[in-house]
Every structure is written in structure tokens, then in C-alpha cells.
Amino acid sequence: RHEARVHIKAADAGGYIGGWVCGIDVTARDWQRRAKGAGRPWALAKGCDTFLPLSSVVPADAVVVGPDGVVDVTLFLDVNGAPRQRASTSRMVWTVPEILQSVSQHVTLDEWDLVLTGTPAGVGPLVPSDRVSAGIEGLVDMHFVVEQKPS
């Protein structure tokens with residue numbers, strides 16, 4: 001559906017999913033720790049250029065949202081060829097429809113807004129020259145090399 005939505009019901013949420021992407025929600029943990037320690041906002045630690053690499057879009061109908069709201073796909077992230085994160089979305093605490101219902105109670109969702117749903121265990125640091133491969137197994141892959149922004 002292409003209209004802005006507020007108060008989506010979980011049972012109707014599937015009709016508002018325009019597609020699926022793999023997104024890497026990068027955080028500068030050192031900045032985050034310093035800001036938290038100083039009692040300051042730490043949004044900048046998540047908002048730098050290139051801190052949300054995204055895969056190409058997978059069509060909505062390529063992923064089945066079960067009648068119970070469960071989506072069962074495997075997310076993965078490898079760094080320098082070594083697995084770091086791999087888990088099925090069926091293990092998420094909240095289903096995608098529940099997340100959309102909750103978010104839409106507070107935020108108007110417009111067409112192509114992204115809602116990040118969380119990350120599997122295995123979060124860890126990335127450093128310049130790391131080669132990252134990530135994706136939704138069998139549906140989409142993304143690859144990039146970590147670079148440090150010139151000062």
C-alpha cells in the first residue's frame with residue numbers, strides 16, 4: 001500500500017511491507033561510550049556517513065510472512081571470510097508484524113521507510129580494510145570493504 005500509515009495492526013502489517021533489505025547498522029562504539037559517560041546524546045555514533053550500508057531490495061513476496069507473523073530467513077555477516085553473525089529471523093523476540101504495529105503507534109510510516117528489526121548475536125568491531133559480506137541467505141548478498149574517512 002502506498003499511503004502513509006499510523007496505527008497498523010499486526011494482522012494487516014504484511015500489506016504494508018514494500019520489500020526487504022539487509023542493512024548493517026554500524027555504531028562507533030568508542031564515540032558511544034564517551035557520549036554516554038558524559039551524559040550526552042550518542043546519536044552521532046550511529047549517524048555518520050556510510051554507517052548504514054544496505055543491500056538491494058528483495059521484492060516483498062519473495063519472503064513469506066507466516067500466519068503467526070513469523071518470517072523464517074537466515075541473516076548472515078562474515079568479516080574477512082570468517083562468519084560473525086548467522087541466525088534465523090524466526091528466533092526474533094518480536095515478529096515483523098509486531099514491530100510494525102509498535103513502531104506505527106509512535107511514528108508515521110511512509111512508503112519506503114526502513115524499519116530495522118535487530119541483529120543476531122555476534123556484533124563486533126570493524127576496522128579499515130575489513131572485507132564484509134552480508135545478506136539474507138538465498139535472496140540477497142552485499143559486499144564492501146571498510147574504509148576510514150579521510151580527516
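Along the sequence shown, the residues carry numbers beginning at 1.
The other residues sharing a hydrophobic cluster with M142 are I24, V26, F51, L77, V79, L126, V132, F144, V146, where clustering joins ILVMFWY side chains under 4.5 Å apart. The hydrophobic side chain of V145 is isolated, with no ILVMFWY side chain under 4.5 Å apart from it.
Residues A10 and P97 come closest through the heavy atom pair O-CB, 3.3 Å. Taking both residues in full, the closest heavy atoms of A35 and P41 are given as CB-O, 3.5 Å, listed atom of the first, atom of the second, then distance. Between F76 and I136, the shortest heavy-atom distance links the atoms CE2-N, 4.0 Å.
Between L100 and V115, some side-chain heavy-atom pair lies under the 4.5 Å cut-off. Counting heavy atoms from C-beta outward, S56 and V140 have side chains that approach closer than 4.5 Å. At a threshold of 4.5 Å between non-hydrogen side-chain atoms, the residues H143 and S133 count as touching. Side-chain contact check for L54 versus L114: some heavy-atom pair is nearer than 4.5 Å. Contact check for L52 versus L116: side-chain heavy atoms found under the 4.5 Å cut-off.
Every residue two or more places apart in sequence or in another chain was checked for a side chain to side chain donor-acceptor pair (under 3.5 Å) with E137, and none qualifies. For the salt bridge (Lys or Arg N to Asp or Glu O under 4.0 Å) test, residues two or more places apart in sequence or in another chain that qualify with D78 are R86. The side chain to side chain contact (heavy atoms under 4.5 Å, CB included) check on W31 picks up A28, R34, L44, A45, C48, with sequence neighbours excluded. Taking the side chain to side chain donor-acceptor pair (under 3.5 Å) definition, one finds that Q105 meets it with H7, sequence neighbours left out. Checked against side chain to side chain donor-acceptor pair (under 3.5 Å), T95 has the following partners two or more places apart in sequence or in another chain: E98. Applying the side chain to side chain contact (heavy atoms under 4.5 Å, CB included) test to N80 and every residue at least two apart in sequence or in another chain returns D130, R131. For T119, the side chain to side chain contact (heavy atoms under 4.5 Å, CB included) partners two or more places apart in sequence, or in a different chain, are Q85, V123. Here V64 pairs with nothing under the side chain to side chain contact (heavy atoms under 4.5 Å, CB included) rule; sequence neighbours left out. The side chain to side chain donor-acceptor pair (under 3.5 Å) test applied to S90 returns S88, not counting sequence neighbours.
Put simply, V70 and L75 are part of two different groups of oily side chains (I, L, V, M, F, W, Y) that touch within less than 4.5 Å, one to the next. Residue L139 is grouped with residue I17 when hydrophobic side chains (ILVMFWY) are merged at heavy-atom distances under 4.5 angstrom, including chains of intermediate members.
Proximity of a side-chain donor or acceptor of S104 to a complementary backbone N or O of V6 within less than 3.5 Å is not detected. Using a distance-only test at 3.5 Å, with no hydrogens or angles considered, a donor-acceptor pair links the side chain of D113 to the main chain of D110.
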Stepwise side chain to side chain contact (heavy atoms under 4.5 Å, CB included) test for V96 and W20: CA-CA 11 Å; V96 171; W20 305 89; 4.1 Å; yes
Residue pair V57, W112: steps toward the side chain to side chain contact (heavy atoms under 4.5 Å, CB included) verdict: CA-CA 10 Å; V57 177; W112 294 112; 4.0 Å; yes
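Here the NZ atom belonging to K36 is positioned 5.0 Å from the CH2 atom belonging to W42, to the nearest 0.5 angstrom. Summarising the geometry, atom NZ belonging to K9 is positioned 10.0 Å from atom OH belonging to Y16; distances are rounded to the nearest 0.5 Å.
The side chain to side chain contact (heavy atoms under 4.5 Å, CB included) test with V103 is passed by exactly one of I8, L109, T108: L109.
For residues 42-67, the salt bridge (charged side-chain N to carboxylate O under 4.0 Å, His left out) pairs, not counting sequence neighbours, are D25-K46, D49-K149.
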